[in-house]
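Accompanying notes for the structure given below.
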Amino acid sequence: MSFYEDLQWRGLVHQTTNDAGIAAWLDEKPRTVYAGFDPTADSLHVGSLMGLVVLRRFQQAGHKPIAVVGGATGMIGDPSGKSAERNLLSKDELQKNVEGIGQQMRKFLDFDANDNGAVLANNFDWTGSWTYLEFLRDVGKNFPVNVMLAKDSVKSRLGRSDGPDKSATASDDASGMSYTEFSYMLLQAYDFVHLNDEHGCELQAGGSDQWGNITAGIDLARRMGRPQLFGLTWPLLTKSDGTKMGKTESGAVWLDPLRTSPYQFFQYWVNVDDADASKCLRMLTDLSREQIEDIETVQTAHPEKRMAQKQLAEQLTLLVHGQDGLEVAEQATSIFFGAEIADLNDEQLGQIFSEVPSKELSTDKLGGDGLAIVDALVEAGLAKSKSEARRTVQQGGAYINNRRVAGLEQTVTNADLASETTVVLRSGKKKYALLRFR
RNA sequence: GGGAGGUUUCCGGAGCGGUCAAACGGGUCAGACUGUAAAUCUGAUGGCUUAUGCCUUCACAGGUUCGAAUCCUGUACCUCCCA
């Protein structure tokens, strides 16, 4: 199976600018490909995973990937897929974000390979020093406004309902767009030309919402006398219910362990719907076609084993957080789902329960008869009042180190320390809190 | 400007002088079931050293009564109707 066929099988090809020839073109010799990333935060999130994984695949197949962080375009805001004008970020914020993102990319791309080492570029570097007049003369001149107006990304924002897809063009939220956003396309188009000049980049990949920007770049290159360039888009990663992948009630799922812990990250994937799991396996993991098909067979026969979700979580956590992150996530998972907590040290507990609230108490409390379970629950913040704590215990919903509390008379003593200083309390299925005794 | 009505525990909403910490529904929290799902079922749901006890709560402030969320007076806010 060729590289391109593999991409297709994985469902990573949505549209290309040359369906007939691109497979052979990619096989012919190593190509240079680029994809852009939005520096709206100092970390990437699951939404950006597709781009990273696609570039990674290209690199593994021998092609040279360029990750472009939009330091310049980020100052303007891509109107594609947005329904409203975007807030602009300051230069400093963007600089910080670009650095953070570049760091994360190292996990996906090899920047040191000899022949096809990945390149990280920031388009602010080649656009930041432009003057307005230069830009208008060199780039703007090559953009017919009527063509720009015909792009879906523009059309939907202007609320014109004469597009090919009338239903998607919600004319009732015609919020309009500023001249600044209108110009976004020109900047991204020029990126492609620049990368072709500097790195011989011939292919731009992006999400399907980037199609208009990609073709704009190809058009611009032609008008400016550059070679024929190519474009490829992947489908947007959506869930079977139509919503975006990588969002939880509490916000985006980030790749930065400080924003989304390895455990939470792992859990996100374990909880993916059955209907979406195998799609994600294909698109996002490095597993081979055979492996994935095996998993799918098991999944169909025994959905309750959640094989696809487990594999997905394991593969992606390993990729994003490394072996250590995966181990912590798995350990945390077994503990959060009932395994008894014992024989751990403070450091392990601290990692596993990093986002669990904790409270420090004096060691004295453990002496004598110990600390009454009801008081312990209140101290740990798991119950608002003693009455509430009492109810929880009576209903069998209180746990010390994942062992169910037998009754109201039970106390927390030295024997209950799960590590040097810490007792893990739990109320109900998922609510944990730590008591640290100093 | 004239007229009518409302304000209750997280929300909606009963309550019409004692048996009201206050029906019922929703939510929430526990438990069971389960695939770390959904649905369902069970229990709990003001606080207090769990008590046939005490304290705080029915817009706010006073009053009548042995006794008030319930009656009266005033204050604030809200809704509706007629101009």
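Letters go in sequence order (proteins before strands), and every chain restarts at 1. What you are looking at is a predicted structure, and each value in this text was computed from that prediction instead of being measured.
The gap from the C1' atom of B/A22 to that of B/G12 amounts to 16 Å, rounded to the nearest Å. Between B/C11 and B/U73, the two P atoms lie 29 Å apart (nearest whole Å). A gap of 14 Å separates the P atoms of B/G15 and B/C24, to the nearest Å. Separating the C1' atom of B/A32 from that of B/U19 is a span of 36 Å, rounded to the nearest Å. Separating the P atom of B/U9 from that of B/A23 is a span of 13 Å, rounded to the nearest Å.
A donor-acceptor pair under 3.5 Å is formed between the side chain of A/R56 and the backbone N or O of A/F108. Side-chain atoms of A/N116 come within 3.5 Å of backbone N or O of A/Q59 as a donor-acceptor pair.
When both distances must be under 3.5 Å, the Watson-Crick or G-U wobble mate of B/U40 is B/A32.
The aromatic ring centres of A/H321 and A/F266 sit 6.0 Å or more apart.
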(message) Please determine whether ring-ring contact (aromatic ring centres under 6.0 Å, His included) holds for the pair A/F336 and A/Y263, giving the CA-CA distance in whole Å, both sets of side-chain angles, and the decisive distance to 0.1 Å.
(response) CA-CA 10 Å; A/F336 281 125; A/Y263 165 73; 4.4 Å; yes
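Checked for salt-bridge contact, A/K239 and A/D273 miss the test: no charged N lies under 4.0 Å from a carboxylate O. Taking a cutoff of 4.0 Å between a charged side-chain nitrogen and a carboxylate oxygen, A/E360 and A/R438 qualify as a salt bridge. A/E293 and A/R282 are not joined by a salt bridge, as no carboxylate oxygen comes within less than 4.0 angstrom of a charged side-chain nitrogen. Salt-bridge check for A/D6 with A/R10: passed, with a basic side-chain N closer than 4.0 Å to an acidic carboxylate O. Remark: A/R403 engages A/D416 in a salt bridge, criterion side-chain N to carboxylate O under 4.0 Å.
Within the nucleic acid shown, A/Y399 comes within 4.0 Å of sugar-phosphate atoms alone, with no base atom in reach, counting heavy atoms only. Using a 4.0 Å heavy-atom distance criterion, A/R426 is classed as making no nucleic acid contact.
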List every contact pair, protein side and nucleotides 34-36 of chain B side both N or O, where the distance is under 3.5 Å.
from: B/G35; atom 1: O4'; to: A/E304; atom 2: O; distance (Å): 3.4
from: B/G35; atom 1: N1; to: A/D274; atom 2: OD1; distance (Å): 3.4
from: B/G35; atom 1: N1; to: A/D274; atom 2: OD2; distance (Å): 2.7
from: B/G35; atom 1: N2; to: A/D274; atom 2: OD1; distance (Å): 2.4
from: B/G35; atom 1: N2; to: A/D274; atom 2: OD2; distance (Å): 3.4
from: B/G35; atom 1: N2; to: A/R306; atom 2: NH1; distance (Å): 2.8
from: B/G35; atom 1: N3; to: A/R306; atom 2: NH1; distance (Å): 3.1
from: B/U36; atom 1: O2'; to: A/N271; atom 2: OD1; distance (Å): 3.1
from: B/U36; atom 1: O2; to: A/Q267; atom 2: OE1; distance (Å): 2.8
from: B/U36; atom 1: N3; to: A/Q267; atom 2: OE1; distance (Å): 3.0
from: B/U36; atom 1: N3; to: A/Q267; atom 2: NE2; distance (Å): 3.3

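Within residues 374-395 of chain A, the residues having any heavy atom under 4.0 Å from RNA chain B are, by residue number, A/S385, A/K386, A/S387, A/R390, A/R391, A/Q395.
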